[in-house]
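A quick write-up on the structure given underneath.
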Amino acid sequence: MFRKVLVANRGEIAIRIMRGCRELGISPVAVYSEADRNALHVQMADEAYLIGPPPATESYLAIDRIIETALTCGAEAVHPGYGFLAENADFARACEQQGLVFIGPPSAAIALMGDKTAARRAMQASGVPVVPGIDRFLRDDDEARQVVAAMGYPVMIKAALGGGGRGMRLVHHEQQLGDALRAARSEARSSFGDPAIYIEKYVPNPRHVEIQVLADAYDQVIYLGERECSIQRRHQKVVEESPSPLMTEDLRLQMGQAAVRAAQAARYRNAGTVEFLVDEHRNFYFLEMNTRLQVEHPVTEMVTGIDLVQAQLRVAGGEPLAYRQEDIRLSGVAIECRIYAEDPAYNFRPSPGRITVLQAPAGPWVRDERGVFAGGEVSPFYDPMISKLVVWGPTRQEAIARMRRALAEYVIGGIKTTIPFHQWLMEDEDFQAGRLDTGFIERRYRPQAVQPDQLAQDVALIAAALDHRQSVQQAAATPMSPAGHDGVSPWKLAGRLDLMRRRG
Ligand code: MV4
């Protein structure tokens, strides 16, 4: 096993990776930007190196600085986490060339999955179902017209180097096609540096279900069940769970085997995720493969008992997989809520700033993967996700009840967070019934659902405070009644005071 690993990331995932390192006796090394001098991941590392100014392009994305740091500090391997350089084939190749182990797949697998049309071709060649569509870049508008005429509307235009929904256009009618092609090409060029686009048949009201795979350097690949990720907002996942409420034993087997074939087709190694769209008839189609550890990996860890970070480190170090497919058993239900520094009452607008109060939930089967601390700063430079609250329960209903309990324990002061949104979601009857698809939030969520009118709440608090002061003054002149001041129970009073304290 490695002695020293450089973690080329920040926030909760850098901390998660360092914990995995420590449990394997590996010394973790942090890198940080000027904005992160006091960050938690820096405090947790054995060594930490400043790599540049706050903008990610000059720090966490600076390939040369990171490689140079890894080489001079004597790390044998680099873990990229997710985001930043995790799916950058150039970075993986640079590590390979400098004799550093990239804790991820070979750069060729990253490059293959980065080109969505090449990925579609590879999937089709190995019998993995893909959405009907074309497998090459579109030459011109005439070709697009021919393709769509054969396929029928509606269709999706996608960027060849895209992913995550950027540069995507839904087209219902021939009259929209020309404009959509132009817009998609231009967005593909500005977002991915390449205007190449392709076309797929549109799958209405899909669910996003992804399969976790694990592959070693000896061509062994296993799957670790699925994650339901349909609760998204603007292509950002918000809540994930495992297993998926729509899953059956048979569908899991079919999707699991397809995911294994996908990984084998890419000569994959490392932990990876194969994303599928599942339509209303439970047909599933390959969407893309994420060649990294994902944000939502903990829900899989909670239902399989497998530590995915440790597994990544072991596989990268050349160990064969310690499990065979028949060893994998799924137990219970895990749910993850991503907590962002955003205000859900105001269209999820960013809310960076200093965290003044932080009281995290704990207790049985509650795991909070946090990258922040009280007194720390949520920087506007990076992703606003500040924590992932993960719970496990024997059943989905019990997991939801536990999540509600944990969310109610969570106190974060100084910034707005998406905790009220999650509290709303956990109460929603469609969510509770497992009726989810990728249109869920847009269809059901209204900002006023999370907070009563701010002004009304302020007025009520001022009234309560005045009433409280009056009753205290009266109590000074009257003997104590068994119910406390003014007939109000001392517990109720304590509750009101607590509410006022929390609201500042
Ligand atoms: C689709 C689709 C429907 N039909 N492709 C969005 C993210 C990107 N990875 C692919 N996406 C979609 N591709 C076809 N042919 C619908 C989506 C989609 C979606 C997919 C997963 C999760 C959330 C989504 C929200 C809107 C659209």
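Start at 1 and go down the list; that is how both ligands and their atoms are numbered.
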**Request:** Please report which non-hydrogen protein atom sits nearest to atom 26 (C) of ligand 1, along with the residue it belongs to and the distance in Å to one decimal place.
**Result:** H235 CE1, 3.4 Å
**Request:** Could you point out which residue of V209, L277, L251, V203 forms a side chain to side chain contact (heavy atoms under 4.5 Å, CB included) with F284?
**Result:** L251
**Request:** Return the option from M168, E210, K158, Q236 holding the heavy atom at the smallest distance from atom 1 (C) of ligand 1.
**Result:** K158
**Nearest protein heavy atom with distance in Å, relative to atom 7 (C) of ligand 1** = G165 N, 3.4 Å
**Asked** Which of these passes side chain to side chain contact (heavy atoms under 4.5 Å, CB included) with I13: L293, V7, V309, V295?
**Response** L293
**Fill in**
Numbered in order shown, the ligand 1 atoms found under 4.0 Å of a heavy atom of V131 are 15 (N)
**Request:** Do me a favour and list the nearest non-hydrogen protein atom to atom 19 (C) of ligand 1 with residue, atom name and distance?
**Result:** T438 CG2, 4.1 Å
**Heavy atom of the protein closest to atom 15 (N) of ligand 1 (residue, atom name, distance)** = K201 O, 2.7 Å
**Request:** Determine, using ring centers only, whether Y60 and F381 are less than 6.0 Å apart.
**Result:** no
**Request:** Assert yes or no for the condition that the ring centre distance of F421 to F348 is strictly below 6.0 Å.
**Result:** yes
**Fill in**
Under 4.0 Å between heavy atoms, the region of V203 that gets near ligand 1 turns out to be both
**Prompt:** Are the charged groups of E174 and R145 less than 4.0 angstrom apart, N to O?
**Reply:** yes
**Item:** Closest protein heavy atom (residue, atom, distance) for atom 21 (C) of ligand 1
**Value:** H208 ND1, 3.4 Å
**Prompt:** With no hydrogens and no angle check, is any side-chain donor or acceptor of W392 less than 3.5 Å from a backbone partner on S331?
**Reply:** yes
**Message:** I'd like to check which ligand 1 atoms, numbered from 1 as shown, lie under 4.0 Å from a non-hydrogen atom of Q232.
**Reply:** 22 (C), 23 (C)
**Prompt:** Quick check: does any side chain N or O of T417 sit under 3.5 Å from a backbone N or O of I419, one acting as donor and the other as acceptor?
**Reply:** yes
**Prompt:** Which protein heavy atom lies closest to atom 9 (N) of ligand 1, and at what distance to 0.1 Å?
**Reply:** E288 OE1, 3.2 Å
**Prompt:** Under 4.0 angstrom from ligand 1, any heavy atom of K237?
**Reply:** no
**Request:** Ignoring hydrogens, just give me the one of V209, N205, L277 whose non-hydrogen atom is nearest atom 20 (C) of ligand 1.
**Result:** L277
**Prompt:** Does any N or O in the side chain of R65 come within less than 3.5 Å of the main-chain N or O of I51, such that one atom is a donor and the other an acceptor?
**Reply:** yes
**Complete:** heavy-atom search around atom 2 (C) of ligand 1 in the protein gives M156 CE, 3.4 Å
**side chain to side chain contact (heavy atoms under 4.5 Å, CB included) partner of T418, the single match among R233, R338, E342** = E342
**Request:** For Y202, counting its heavy atoms only, list the atoms of ligand 1 lying under 4.0 Å from any of them.
**Result:** 3 (C), 4 (N)
